[in-house]
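Heads up: the structure comes next, in C-alpha cells.
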2 protein chains.
Amino acid sequence: MTVTLADVAAHAGVSPATVSRVLNGNYPVAEATRERVLQAVDELDYVLNGPASSLAAATSDLVGILVNDIADPFFGIIAGAAQNAIGACASGRAGGEKLAVVCNTGGSPERELMYLTLLQRQRAAAVVLTGGSYDDPEHLAATATKLARLSEAGTRVVLCGRPPVPGDATATTLAFDNRGGARKLTEHLLSLGHRRIALIMGPERYTTTRHRLDGHRAALAAAGLGDVPTVHGLYDRASGYEATRELLRRAPDLTAIVAASDTVALGACAALRDLGLSIPGDVSVTGFDDLPFAIDASPALTTVRLPLQDAGRRAGLLAMGTGDVPAGGLTTVEAELVVRESTAPPRA
Amino acid sequence: MTVTLADVAAHAGVSPATVSRVLNGNYPVAEATRERVLQAVDELDYVLNGPASSLAAATSDLVGILVNDIADPFFGIIAGAAQNAIGACASGRAGGEKLAVVCNTGGSPERELMYLTLLQRQRAAAVVLTGGSYDDPEHLAATATKLARLSEAGTRVVLCGRPPVPGDATATTLAFDNRGGARKLTEHLLSLGHRRIALIMGPERYTTTRHRLDGHRAALAAAGLGDVPTVHGLYDRASGYEATRELLRRAPDLTAIVAASDTVALGACAALRDLGLSIPGDVSVTGFDDLPFAIDASPALTTVRLPLQDAGRRAGLLAMGTGDVPAGGLTTVEAELVVRESTAPPRA
DNA sequence: TTGAAAGCGTTACCAT
DNA sequence: ATGGTAACGCTTTCAA
C-alpha cells in the first residue's frame, strides 16, 4: 500500500540500511549511491514513517512550545520566533527539519501538564515553556516532576520567561527580569510627575505577577508613596476593561494606569473610551505600544520585538542544543514592561 | 530503563495484550483486571510510547492546525477555538486525548508544504488549514496533491476559511464568504455617506484578496463609483502603516480606509496618528473593533468572537469526525469583515 | 475474557 | 562504503 523504506531500497538496488543512511545523512555514503537513492525516493514519492523512525531511534523531531494564550500576540511573537529559530536548525534527521508546534494551555495548570504528558508520550525532542506559571506548591511540584521525567528521557527543556524550577539544573532558563522591569517602569512614570498611579495586575498567584508587584512597590516606596489602587485580573482584554472601570470608581483622580500586558491595556483603553475620557489627557495607560498616546510608535515596536525575537531565537537554539549558550547558562533580558514605556504627560 | 507496557503487564500479572486493551478502551476487559492494570500503570508511572503505538496502529493522535501568522490574534482565536474543540473530543479513556498543535507557516507556500509533509510523516490524525492561500497554479497543484496523499493515508483534512481544493471531495470545508462580506462592508460605508474610500488589501495573489476585491468593486460599481485608490501589502501592521501613508499621499481627501484585517488596521491607525490626523474626524478606518471610533466596542467583540469560535469548534469536530456536520457538508459563515463594521461618521 | 505471537517500518550494531 | 539483521514497544488477529 504505502511506500516503505524497503521499497525504496529495492528500487535503488541497495539495502534498507543504506537508504536510511542517505536519508539521515549521518554516515558517509558514496555520492553515486546517494543520488540513486534520492532518485528512487523521488520516483516513488516516498515519505519517511515518523513513528517507526522515532521508535527505532528512541527520539522524535517534534518540539513543543507551550504558551498561556495563543490569541495573545505577546505569545504569538515569542512562539513565532522560537519556531523560526528551531526551523533554522537544519541538523539531524531526514531533511533535518524539526516539527516545531505550539500548544495552547490557556493558562490552565492541568492543560499544561496534559500537554507535557502528551509530548512525553511522543518522545519530543524538546519542550519550551513560556510565560509565568501558577504559583501553587502542588502544581509546581507536579510540573517539576514531569519536567524531570522529560529530561531523563532525553527531552530538552527550555524555560522562556518563566522562573527556574527549584531543584533542577538540566533545564535551560531564559529569565525575564520582571521585578527590575516593573521597578523601572514605575520610576519612569514617577519621573514624569505622576503621583496618582494605579495597577492592573495579572492573577494574584502567578509568579510574574508577584515579581512585578515587588518591583512596583519598591519604586513607589522609594518615592515615598505607599500602596496604590491595585486590581488583579486575567491577562486578557476583558480584565483590562473591567479593572479600569473598577479603578476609576475607586479613585477618579488617577493620572496613570499600568496594565499587565498589551492585551490588558487594550481593554483599559476601551474602558476609558466608554467612560468618555480621552487619551492622553485625562488618564494615561502604560503597557501598550500601539495606542494613540505612544509617542514613538514605530521605534517602540522595534524595541519590543528585537529582544523578544532574540529571546525566542536563543530559546530555540538552546532547545536544539546547537549552541550559543551564554557562559552563565542563564540569560536575563529586559522585562517586557520596560520596553513599552509610554511618555504620555501627566494631567497637570 | 524506561517503563514499557510489558513491565506494566508483568506488574499486574496479565499479558501485554490486556494492558493495551485497557489503555485503549476498545475491547471489553473484566472490571477487576482493568483496575489492577490501571493501578500498575499508576504505580510504575507508565507513559505510553507514542511512536510505537502509532507505528503499530498506523495512526497517531496528532492534529496539526496550520496558520499564516501566529502573531496575529485573528489566527490565534481560530487556532485556540479549534484546539479547544479537539481537546473536548475526549473519545476514549486515559488515552483518548488528541495532541492538537499549531504550526506557523508565516504565509509561505513552501513552509506550508513542509509542515504538511512533516505531519504526513507523523501520520497525523488530522490537519486543519486556516486562512487564504497563495493563488499560484503550481503551488495550488502541489498542495492539492499533498492533501490527496494525506487523505489516502487516513489523515482527515479540514479547510477553515480557505477555498475548497478543486478536484477534492474528501476535505471538509468551512468557507468564509469573503466576497459577500466585502460587499456588505463597502455598502455600509457608502450608506454612511462616504464617497472617497480607499482599500488596503492583502497580497495580490491571495485567494482571499481576490474575493474581497470582487466584493468591494461590486458595491462601488452599484453606487456608480469606479475604482478607488488601492494598495496591496502583507497582512501585518507594517503594511497597514506604509499603505496608509501611501494612500494619503495619493489622495489626501480620503474619508474612509478599509483595512484587510485587524492587524493591518492597527498599522493604519498608527500612520494616521503620526500624520497628525485624529480618529475619528479626519479619516475613518474600518476593520478593527478595538479602536476609539468603534461605537459598540464590547458587543462588537462578542459579535466577532462567537462566529469565529463557532467556526473553530465545528472545524475541530469535523476534524475528529465526531459529528454535527451540517447537512450540506459545507458551512458558510459571515466574513470576518462583516462583523467588524465601523459606524464612524464621514467627515462632512 | 484473556494470552500468544506475528508484524508495523526504522535504526544501529556488527560484519564484510 | 555497504549489507544483514536484531531490536524498538505496541497493536491486533487468532486461539483458547
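To find a chain, count down the sequence lines: A is the first, B the second, and so on, and within it residues start at 1.
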Considering only distance and modelled atom types, tabulate donor-acceptor pairs under 3.5 Å from the side chains of residues 127-135 of chain B, sequence neighbours left out.
| residue | atom | partner | partner atom | Å |
| --- | --- | --- | --- | --- |
| B/Thr130 | OG1 | B/Leu66 | O | 2.7 |
| B/Asp135 | OD2 | B/Arg210 | NH1 | 2.9 |

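Looking at residues two or more places apart in sequence or on another chain, you find a side-chain hydrogen bond (donor to acceptor under 3.5 Å, both in side chains) between B/Asp45 and A/Arg149. Every residue two or more places apart in sequence or in another chain was checked for a side-chain hydrogen bond (donor to acceptor under 3.5 Å, both in side chains) with B/Tyr206, and none qualifies. Residues passing the side-chain hydrogen bond (donor to acceptor under 3.5 Å, both in side chains) test with A/Ser15 are A/Thr18, sequence neighbours excluded.
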| field | Letter per nucleotide, 5' to 3', of nucleotides 2-12 of chain D [B base touched, S only sugar-phosphate touched, - untouched; heavy atoms, 4.0 Å] | value | BBB---BBBSB
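For residues 17-32 of chain A, the pairs satisfying salt bridge (charged side-chain N to carboxylate O under 4.0 Å, His left out) are A/Glu31-A/Arg34, with sequence neighbours left out.
The CD atom of B/Gln122 sits 16 Å away from the P atom of C/dG9 (whole-angstrom rounding).
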